[in-house]
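Read through the structure below, which is laid out as structure tokens, and then see the notes.
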Amino acid sequence: MASCETEGSLDETVHDLEKPEAPANLDSNTSDLPFYVCEFVEKEIGNDFKSLCKVSSLIEKIAEEKKHLEEQVLTVSSEAPKRIQVALSNAESTQSALATLLEREATVSESIGKHLEEATPWMDDLGVLTDQINEVERHLNYLKWISHIEELSDNIQQHLMTNNVAEAASTLVSMTEQAIKLQDSSCFHLLKFITSTVQFWHKILKDKLTSDFEEVLTQLQWPFIGPHQLQTPISSSSSSTAGGASVKEVYASLETLFIQLLKLQISDELISKPKQMPEKYSLPASPPIILPIQIMLLPLQKRFRYHFTGNRQTNVLSKPEWYLTQVLMWIGNHTKFLNEKVQPILKKAGSTVNAKMEFTRGLVMLVLEKLSVDIPCLLYDDVLFCHLVDEVLLFQRELHTTHGYLGSLPNCMHILSEDTFFQRWLTVERKLALEKMDSMLSSEAAWSSQYKDISDVDEMKFPDCAETFMTLLLVITGNFFSKNIFHLDFV
């Protein structure tokens with residue numbers, strides 16, 4: 001009977017353990033313990049009554065864990081005060097060391113202050129001496145510069161006395177480089193001295209080399225005014241030139257003098273101010289034309305100004321094609337010589353300059369000067385103005401297509417694009433276009449087709465005025481998109 005009661009109570013206990021309920025609204029640190037115990041028992045024993053034999057082993061295991069945890073707690077409790085004590089001891093030591101350092105800092109600071117007070121007079125005296133030394137050093141450097149310039153000047157003189165022009169030119173390059181370094185210096189008199197010295201020797205060397213160079217060019221029959229002149233100096237079959245020297249010797253002299261003149265380019269740019277066109281034309285920035293090409297251009301410039309300025313019969317406002325054609329002819333006549341003889345010299349000298357482009361640029365600048373003078377005289381004459389624009393556009397196209405002239409260099413469009421000239425250009429174009437439209441619409445055959453008598457054409461026979469208008473439109477838009485400007489010449 002007792003056994004049955006025991007089993008009944010055990011069933012109730014197991015039933016209670018199978019349905020543990022988590023406590024609600026209680027402290028999670030204390031009230032959750034029974035719930036976790038029930039969970040633990042359910043996990044370890046479950047509904048198997050035979051597993052009750054494990055209870056004793058579980059109790060022992062839990063007891064050991066409890067004992068282990070208590071030992072850990074005791075260990076931590078005993079070690080914590082020791083660590084705190086060590087930390088406090090370290091803090092006190094640090095505080096003591098800091099106090100010592102502060103005392104030393106105060107002592108050193110006071111010592112430094114006293115030393116500075118005592119050293120102030122010495123520093124003032126030393127400053128005066130330093131200023132004097134710097135002044136002496138400046139004077140010494142000034143004298144060194146003067147001595148160096150005079151030494152270079154003496155070297156140039158000695159080279160010229162021994163007729164060693166190449167070394168004289170190289171020495172002048174060195175002097176010019178020194179002058180360039182001084183351009184931002186406040187030593188006005190020193191800068192003036194070295195510049196005047198460079199100018200002095202540059203003129204002597206330039207005059208000598210120019211004279212020799214022009215003599216060689218004369219032997220080569222430069223400039224080539226007509227195409228027939230190209231054959232005599234360039235032909236390898238000729239044994240000698242007009243001056244008696246062999247062609248080979250003349251070309252050797254040409255190369256030597258050309259390279260020596262190239263060396264003077266840097267000093268020429270330093271002391272010379274090239275002629276500039278007015279700013280209103282907005283010409284792109286470009287370097288000065290190299291000195292040898294400048295000399296080669298001189299006879300052509302003289303011819304151009306002789307024939308196309310002043311009261312000459314060839315200087316006619318109504319004939320711009322005369323000087324434009326002449327310039328194109330000069331470029332064509334000299335192209336072969338420039339490409340075959342001059343360009344290799346530039347390449348040998350390590351220059352990136354294109355001989356033909358440089359030569360062409362020099363001639364184009366003559367045209368720009370001429371245009372800037374002539375156009376204001378033609379602004380209110382529609383016929384002459386249109387003719388000038390038409391010729392200039394043809395000249396411009398020939399320059400670019402035939403001679404490869406770069407659009408980034410100064411050209412005639414910079415003159416025509418000047419505000420006053422350009423507005424006049426647009427006005428004339430509009431006027432001529434309207435006159436053309438009135439003319440084609442008022443003609444007797446305006447509304448009849450020119451193909452009216454032809455039977456095998458489209459039945460939609462457009463009137464003559466429609467086709468003329470489309471032609472007019474295509475001419476305007478075609479010129480506009482191909483040249484970035486439109487132009488009609490209905491004269």
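What you see is a predicted model, and the numbers here were worked out from it, not measured in a lab.
Using cut-offs of 30° and 60° on the angle between ring planes, the pair Trp222 and Phe359 is perpendicular.
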(request) May I have the step-by-step check of salt bridge (charged side-chain N to carboxylate O under 4.0 Å, His left out) for Lys114 and Glu110, ending in yes or no? (result) CA-CA 6 Å; Lys114 292 180 180 180; Glu110 182 180 358; 3.6 Å; yes

(request) Determine, stepwise, if the pair Asn411 / His414 fulfils side chain to side chain contact (heavy atoms under 4.5 Å, CB included). (result) CA-CA 6 Å; Asn411 58 69; His414 293 101; 3.5 Å; yes

(request) Evaluate side chain to side chain contact (heavy atoms under 4.5 Å, CB included) for Leu270 paired with His202, printing each intermediate quantity in order. (result) CA-CA 10 Å; Leu270 177 66; His202 174 82; over 6 Å; no

(message) Let's go through Gln301 and Leu366 carefully: what are the C-alpha distance in whole Å and the side-chain angles of both, what is the deciding distance for side chain to side chain contact (heavy atoms under 4.5 Å, CB included) to 0.1 Å, and is it a yes or a no?
(response) CA-CA 7 Å; Gln301 290 172 345; Leu366 287 175; 3.7 Å; yes

(message) Please evaluate residues His68 and Glu64 with respect to the criterion side-chain hydrogen bond (donor to acceptor under 3.5 Å, both in side chains), reporting the C-alpha separation (whole Å), side-chain torsions for both, the decisive distance (0.1 Å), and the verdict.
(response) CA-CA 6 Å; His68 180 66; Glu64 289 179 359; over 6 Å; no

(message) Could you go through Asn134 and Thr130, starting from their C-alpha distance and side-chain angles, then the distance that decides it, and tell me whether this counts as side chain to side chain contact (heavy atoms under 4.5 Å, CB included)?
(response) CA-CA 6 Å; Asn134 291 335; Thr130 302; 3.7 Å; yes

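Remark: of the listed residues Leu399, Leu328, Val327, Val327 is the sole one forming a side-chain contact (heavy atoms from CB on, under 4.5 Å) with Leu363.
Inter-residue side-chain proximity for Ile271 and Thr176 is flagged as unmet; no heavy-atom pair is nearer than 4.5 Å. A 4.5 Å side-chain heavy-atom check between Leu432 and Cys386 finds at least one atom pair inside the cut-off. For the pair Pro410 and Leu283, the minimum side-chain heavy-atom distance is below 4.5 Å. Side-chain contact check for Arg424 versus Thr427: some heavy-atom pair is nearer than 4.5 Å. Asp212 is not listed as a side-chain neighbour of Val216, based on a closest heavy-atom distance of 4.5 Å or more. Residues Lys263 and Leu205 have side chains not in contact (no heavy-atom distance under 4.5 Å, counting atoms from C-beta outward). Residues Lys280 and Thr420 fail the side-chain proximity criterion, which asks for heavy atoms closer than 4.5 Å. Residues Leu160 and Trp201 meet the side-chain proximity criterion, which asks for heavy atoms closer than 4.5 Å.
Between Glu177 and Lys181 there is no salt bridge, since no side-chain N of the basic residue sits under 4.0 Å from a carboxylate O of the acidic one. In this structure, Arg138 pairs ionically with Glu135, as a charged nitrogen and a carboxylate oxygen lie closer than 4.0 Å.
What you find for Pro344 and Asn339 is that their closest heavy atoms are CD-O, 3.6 Å. Taking all atoms of both residues into account, the shortest heavy-atom contact from Gln265 to Pro288 is NE2-O, 4.2 Å. Scanning all heavy atoms of the two residues, the minimum distance from Thr171 to Leu152 falls at CG2-O, 3.6 Å. Leu371 and Pro376 make their closest contact through O-CD, 4.2 Å (heavy atoms, listed as atom of the first residue, atom of the second, distance). When all heavy atoms are compared, the tightest approach of Phe213 to Leu254 is CE1-CD1, 3.4 Å. The heavy-atom pair separating Met357 from Leu406 by the smallest distance is SD-N, 3.8 Å.
Within 6.0 Å of atom CD in Gln183, more than 12 heavy atoms from other residues, nucleotides or ligands are found, so the atom counts as buried in its surroundings. Around CG of Asp131, the count of heavy atoms belonging to other residues, nucleotides or ligands within 6.0 Å exceeds 12.
Looking at His400, its side chain does come within 3.5 Å of a backbone N or O of Tyr405 through a donor-acceptor pair. Remark: side-chain polar atoms of Thr162 are paired, donor with acceptor, to backbone N or O of His159 under 3.5 angstrom. Without hydrogens or angle criteria, Gln343 side chain to Val353 main chain gives a donor-acceptor distance under 3.5 Å. A donor-acceptor contact shorter than 3.5 Å links the side chain of Glu358 to the backbone of Ile290. Put simply, the side chain of Ser96 never gets that close to the backbone of Glu92: no donor and acceptor are under 3.5 Å apart. Without hydrogens or angle criteria, Ser196 side chain to Phe193 main chain gives a donor-acceptor distance under 3.5 Å. No side-chain donor-acceptor contact under 3.5 Å links Glu418 to the backbone of Tyr281. A donor-acceptor distance shorter than 3.5 angstrom exists from the side chain of His334 to the backbone of Trp330, with no hydrogens or angles considered. Side-chain atoms of Ser111 never come within 3.5 Å of backbone atoms of Thr107 as a donor-acceptor pair (strictly under, hydrogens ignored). Side-chain N or O atoms of Glu255 include none that pairs as donor or acceptor with a backbone N or O of Ile345 at under 3.5 Å.
Leu297 contributes atom CG, which lies 10.0 Å from atom CZ of Arg361 (distance to the nearest 0.5 angstrom). Distance check: Gln396 CD to Met413 CE gives 6.5 Å after rounding to the nearest 0.5 Å. Atom-to-atom distance recorded for Glu151:CD and Met175:CE is 10.0 Å, nearest 0.5 angstrom. Of the inter-residue distances, the one linking Ile415 atom CD1 with Glu369 atom CD reads 9.5 Å to the nearest 0.5 angstrom. Going from atom CG of Leu264 over to atom NZ of Lys203 covers 13.0 Å, rounded to the nearest 0.5 Å. In this structure, CG on Leu98 lies 10.0 Å from CD on Glu103, to the nearest 0.5 angstrom.
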